[in-house]
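What follows is a single structure, written as structure tokens, with notes after it.
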Amino acid sequence: MQFDDVILGRRSIRGYKPDPVPKALIAEIIGLAMRAPSSMNTQPWNFYIVTGEPLDRIRAGNTERMVTGIPQSREFRTGQAFTGQHRDRQVGVAKQLFSAMGIARDDKDKRQDWVLRGFRQFDAPVCVIVTYDRVLDGSDDTPFDCGAVATALVNAAWSRGLGAVINSQGIMQSPVVREHAGIADDQVIMKSIALGWPDESFPANAVVSERKSVDEATVFVGFE
């Protein structure tokens with residue numbers, strides 16, 4: 001694919017085929033992603049790639065704990081709930097997804113099922129857990145750099161026919177994730193990325209989220 005085709009074509013994938021993803025292909029994608037820029041070349045990121053039975057245990061433990069009301073224990077701070085235009089955009093994409101999936105506003109069962117899908121990493125065959133070195137905890141540059149590598153990763157995956165969605169629902173219960181992914185104590189769990197072959201028959205996969213315009217987002221200074 002050409003670069004523009006990847007950027008303009010990529011979308012978040014929330015429905016996957018069960019087919020396994022070759023380890024060599026994932027390694028190739030990770031290698032490409034790690035060409036992302038980082039502050040002073042610190043490269044704070046690390047990746048735990050989970051599939052098969054360990055991923056099933058993470059899904060089950062994360063879902064069970066969330067459903068029974070155990071408070072989420074994400075290690076990277078979540079911040080305050082969105083308000084204003086940011087909340088509007090959050091609601092806007094939810095409406096797009098629910099419309100595609102035929103989930104009515106008052107259909108509590110289908111809405112709950114959608115939430116559970118998130119806790120299960122959307123049933124993707126692979127989960128990429130992005131961590132960063134704990135010694136860098138508190139650095140503003142570190143999450144910025146991890147965001148850059150995550151963006152590069154999902155774009156590299158798309159260029160090779162794979163789908164992905166960056167999310168946090170699947171790692172809300174960090175003790176479960178640490179145990180079954182074998183995450184070292186010197187790492188902070190930041191994000192997860194569901195990865196796999198897109199199921200083109202899954203309605204939500206056709207959703208293209210809206211973007212604000214260049215004019216809305218940009219201030220040009222010193223141009224004629």
Side-chain angles (χ1 to χ4, degrees), residues 9-19 50-51 54-130 147 150-151 153-154 157-158 162-178 180-181 189-212:
R10 189 209 63 80
R11 56 193 183 276
S12 292
I13 298 299
R14 296 175 174 87
Y16 296 87
K17 297 178 180 178
D19 308 42
V50 190
T51 192
L55 179 53
D56 288 340
R57 290 196 293 265
I58 290 174
R59 292 192 226 272
N62 187 64
T63 301
E64 180 181 350
R65 289 167 65 100
M66 292 300 294
V67 169
T68 56
I70 295 176
Q72 64 94 355
S73 53
R74 282 183 56 192
E75 296 181 5
F76 185 71
R77 59 188 180 277
T78 57
Q80 301 298 316
F82 295 133
T83 60
Q85 61 183 351
H86 304 104
R87 174 62 176 168
D88 291 343
R89 293 187 190 117
Q90 180 187 23
V91 171
V93 74
K95 287 181 177 178
Q96 284 184 274
L97 291 167
F98 286 174
S99 176
M101 296 297 296
I103 302 174
R105 183 181 181 85
D106 58 353
D107 193 331
K108 294 182 179 179
D109 289 340
K110 284 188 176 181
R111 284 177 173 252
Q112 175 69 359
D113 181 66
W114 185 259
V115 171
L116 295 178
R117 286 183 62 83
F119 294 160
R120 300 194 310 265
Q121 283 282 322
F122 303 97
D123 299 323
V126 177
C127 172
V128 179
I129 301 170
V130 182
T151 300
L153 194 156
V154 298
W158 189 263
L162 289 164
V165 59
I166 301 171
N167 68 92
S168 298
Q169 302 101 304
I171 56 167
M172 298 292 259
Q173 297 291 337
S174 60
V176 172
V177 180
R178 278 195 172 275
H180 298 301
I189 300 171
M190 183 173 191
K191 279 284 185 180
S192 61
I193 301 173
L195 182 72
W197 304 106
D199 179 356
E200 298 298 346
S201 68
F202 191 75
N205 286 348
V207 170
V208 179
S209 56
E210 299 174 355
R211 290 293 189 267
K212 58 183 179 181

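Residue indices begin at 1 and follow the sequence shown.
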To the closest 0.5 Å, what do you measure between [atom1] ([X]) and [atom2] ([Y])?
{"X": "His180", "Y": "Cys127", "atom1": "NE2", "atom2": "SG", "answer": "13.0 Å"}
{"X": "Ile166", "Y": "Met190", "atom1": "CD1", "atom2": "CE", "answer": "10.0 Å"}
{"X": "Asp19", "Y": "Asp199", "atom1": "CG", "atom2": "CG", "answer": "9.5 Å"}
{"X": "His86", "Y": "Gln80", "atom1": "NE2", "atom2": "CD", "answer": "14.0 Å"}

Return yes if some donor-acceptor pair links the side-chain N/O of [X] with the main-chain N/O of [Y] below 3.5 Å, else return no.
{"X": "Arg111", "Y": "Ala104", "answer": "yes"}
{"X": "Thr151", "Y": "Gly147", "answer": "yes"}
{"X": "Ser192", "Y": "Ile129", "answer": "no"}
{"X": "Asn167", "Y": "Val165", "answer": "yes"}
{"X": "Arg87", "Y": "Ala81", "answer": "no"}
{"X": "Ser174", "Y": "Glu75", "answer": "no"}
{"X": "Asn62", "Y": "Gln169", "answer": "yes"}
{"X": "Gln72", "Y": "Arg74", "answer": "yes"}

Quiz prompt | Trace of the side chain to side chain contact (heavy atoms under 4.5 Å, CB included) decision for Ile13 with Trp158 | solution = CA-CA 10 Å; Ile13 298 299; Trp158 189 263; 3.9 Å; yes
Are [X] and [Y] packed together at the side-chain level, in the sense that at least one heavy-atom pair is separated by less than 4.5 angstrom?
{"X": "Phe76", "Y": "Lys191", "answer": "no"}
{"X": "Ser209", "Y": "Arg211", "answer": "yes"}
{"X": "Ser99", "Y": "Gln96", "answer": "no"}
{"X": "Arg65", "Y": "Pro175", "answer": "yes"}
{"X": "Asp123", "Y": "Arg120", "answer": "yes"}
{"X": "Tyr16", "Y": "Pro125", "answer": "yes"}
{"X": "Leu55", "Y": "Val126", "answer": "no"}
{"X": "Leu116", "Y": "Val67", "answer": "yes"}

Practice problem: Give a yes or no on whether Gln90 atom CD has more than 12 heavy-atom contacts from other residues, nucleotides or ligands under 6.0 Å away. | Solution: yes
Non-hydrogen atoms of [X] and [Y] that approach each other most closely:
{"X": "Ala124", "Y": "Arg59", "value": "O-NH2, 2.8 Å"}
{"X": "Ala157", "Y": "Leu195", "value": "CB-CD1, 3.7 Å"}
{"X": "Arg117", "Y": "Phe202", "value": "NH2-CZ, 3.5 Å"}
{"X": "Leu97", "Y": "Ala204", "value": "CD2-CB, 3.9 Å"}
{"X": "Gly170", "Y": "Ile58", "value": "O-CG2, 4.0 Å"}

Quiz item: Which word best sums up how the rings of Phe98 and Trp114 line up, parallel for under 30°, tilted for 30 to 60°, or perpendicular for over 60°?
Solution: perpendicular
Self-check item: Worked verdict on Asn205 versus Glu200 for side-chain hydrogen bond (donor to acceptor under 3.5 Å, both in side chains)
Solution: CA-CA 7 Å; Asn205 286 348; Glu200 298 298 346; 5.7 Å; no
Self-check item: Gln173 and Phe119: CA distance, side-chain angles, deciding distance, side chain to side chain contact (heavy atoms under 4.5 Å, CB included) verdict
Solution: CA-CA 10 Å; Gln173 297 291 337; Phe119 294 160; over 6 Å; no
Quiz item: Salt bridge check: are Asp113 and Lys110 linked by an N-O gap of less than 4.0 Å?
Solution: no
Self-check item: Lys/Arg-Asp/Glu bridge criterion (N-O < 4.0 Å) met for Arg11, Glu210
Solution: no
